[in-house]
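Please read these numbers as outputs of a predicted model, since none were measured by experiment. Every chain is numbered from 1, with letters handed out A, B, ... down the list of sequences.
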Amino acid sequence: MASDRTTKINIILKETKHTIRFVENGPQELLVGIDGATVPVDLDRMVSSQDIENRFEHDDEFEEEGSESKVISPIPGVVTSIFVKEGDEVQSGQPLCMILAMKMENEITSPRTGAIRQVGIQSGQSVMSGHILFEFV
Amino acid sequence: MKDKIEILKKRRVALSDSKRTESQHEKGRLTARERILMLVDKESFVELDPYVQLRSHNFNLQEKKTDGDGVVTGYGRVNGRKVAIYAQDATAMGGSLGEMHAAKIAQVQDMAISCGCPIIGIIDSGGARIQEGVNSLDGYAEVFNRNVRSSGVVPQIAVIVGPSAGGACYSPALMDFIFMVKDLSYMFITGPQVIKLVTSEEIDFEGLGGAMVHNQKSGVAHFAMANEEGCFHFVKKLLRYLPSNNLEDPPRVPSEDPADRLCDRILDLVPADSTKSYEMKDVIEEIVDRDSFFGLQKFYARNVIIGLARLDGFPVGIVANQPKILAGCLDIDASDKIARFVTFCDAFNIPVVNLVDVPGYLPGVNQEHQGIIRHGAKILYAYAASTIPKISVVLRKSYGGAYIALSSKKMGYDQVIAWPTAELAVMGAEQAVDIVYGRELSEKKSKRLRARKIEEYREKFMNPYTAAQMGQVDMIIDPRETRKTLISSLSFLRTKRVPKVSRKHGSMPV
């Protein structure tokens, strides 16, 4: 998008030509573009706004570790495979079983870290939503 | 003259009372003015009504009165664009809302409507000022009324950085976006003490109305942030996608990502076997301008993804099924999430692109009894009522009622684009055969016959060509051409105009 707000610099890195574009996008923001990527820079702070935003976006931090004593089926379907057995220690997020439901394989993952006390299903079994699949110790 | 200017200076300095500032900092919180300054461009904030004071003398209230009456209001600029702002000051009578406090908020709300700029409310308030009696409740009414009148005229953003209890919840609830901070913001109609008294349920503030409760369970909030500072950066980010008002188009940001880029990664991301799931977010990110996808309500109804993104620099709203969660089905919460988002996009001229891979509405007694019929109807209503450019891309499955809602051209989509893997059908092959040939199959008890019928059904419907024959699919494309196709379609549709029959407004099923 060439306009009078754009400044271009051509550079050669490792024998390849690259064009760096600087676009003034409002009084507080400068866009720096190179090879398909655009990085917005906050002119007040002279840092990439994307970097600032990334600093605050920690999805994982918000994935709260559950304290549930059991795992229930979120959907009615048929259990196609079970990956853990009684007594297994599992990590939060670890796949526990697969439920075929709504023409799709749904992977059921562990909401928490802990040991499996009881497996409430068998392979091939039909389950309703709310069915207790696993109980923790 | 000079002595009077001196007096003014002193009164100005006194507005930021150092003792009150310290008390807020000790709690690890920012003051109302600091919060505003984090959001607006340098030197751009103009404060209004700083000397307004409360008028009530009930319960010796005059002894507690402060300049500004517990709220800082005014206007400023965010990256050069106008915004109206108010920030409640928890250090002045707990940020409680009284008559004059409300009148100050109402004034900036009116300015936002008349000048056509977004309004940002920074909420940190103990609720209605009890000593002012019904005047404080009327104050809320004044604010709510303007929230509703602003809806669809200017974007309204609420940043909750403290308590927002009782009636105070409804102003943010009437706005477009709510930000909450973990371990800092709380929203509830009745607090833990009252709940314990009435129902003997015991629960703490965070568990009752904290950031994650409203981002995950209730769907009230749109963003969960780790701290206050994060909120203000994200408000700025959000504003970059939005027009200042309903008469403007959303701002284009020059893009370095080539408009004709082929999405080669799609072939690795999406399994050909339609029973295998995948991460839809990766597909979205492959299609839109690099790094431009901005997800909303990420923790709520995760079976659908909604968010803002850019295509060739132009903002678009993305609605996509998430096959990884509940098979990407539509359910009550997903319906609410989609309907509200589409309505918002429509109000602010943001085109919507659907990425469809949906086996249907989620079956279940609970869903039926909770009213999936009326909630599901909202999606239909929102799409059919909207006049923005709407494009539906069918990746794999699009079955039944969900097909109608998300990809039927007759629902009002300007373009329906299918991948060669698309299956547009009333239901999956096996279920369909069991119903259509039910009697025949139970009489003959032939597995081979059933298998043959399933294969026939698959050949007939489990492809995009049957629907394309009827003109219900406009284009069948190589998935790698999705970005390129969307950009050229949207560019053509940008001048779309829809004549409307005059009516007050429809009656959305809620």
Can you tell which part of [X] gets under 4.5 Å to a heavy atom of chain A, answering side chain, backbone, both or neither?
{"X": "B:Arg310", "result": "neither"}
{"X": "B:Pro251", "result": "neither"}
{"X": "B:Phe232", "result": "neither"}
{"X": "B:Arg77", "result": "neither"}
{"X": "B:Gln431", "result": "side chain"}
{"X": "B:Tyr399", "result": "side chain"}
{"X": "B:Ser274", "result": "backbone"}

Exercise for the section: Return the minimal non-hydrogen interatomic distance between B:Lys397 and A:Lys103, and the atom names on each side. Expected result: NZ-O, 3.3 Å
Problem - Per-residue contacts, residues 321-334 of chain B versus chain A, heavy atoms under 4.5 Å - result: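 Expected list: B:Pro323, B:Leu326, B:Ala327, B:Cys329.
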Practice task
Please identify each residue that fulfils ring pair (Phe, Tyr, Trp, His ring centres under 6.0 Å) with B:Tyr241, with sequence neighbours left out.
Solution key: B:Phe294
Exercise for the section: For the pair A:Ile75 and B:Leu362, evaluate side chain to side chain contact (heavy atoms under 4.5 Å, CB included) and give the outcome as yes or no after the intermediate values. Expected result: CA-CA 8 Å; A:Ile75 193 167; B:Leu362 184 70; 3.8 Å; yes
Problem - Residues B:Arg240, A:Glu29: salt bridge by 4.0 Å N-O rule - result: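 Yes, B:Arg240 and A:Glu29 are salt-bridged.
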Handout entry: Side-chain donor/acceptor of A:Asn25 to backbone N/O of B:Asn79, under 3.5 Å
Key =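 Here the side-chain-to-backbone pair does not exist.
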Practice task
Test side chain to side chain contact (heavy atoms under 4.5 Å, CB included) on B:Val365 and A:Met128 and set out the steps.
Solution key: CA-CA 10 Å; B:Val365 175; A:Met128 299 305 295; over 6 Å; no
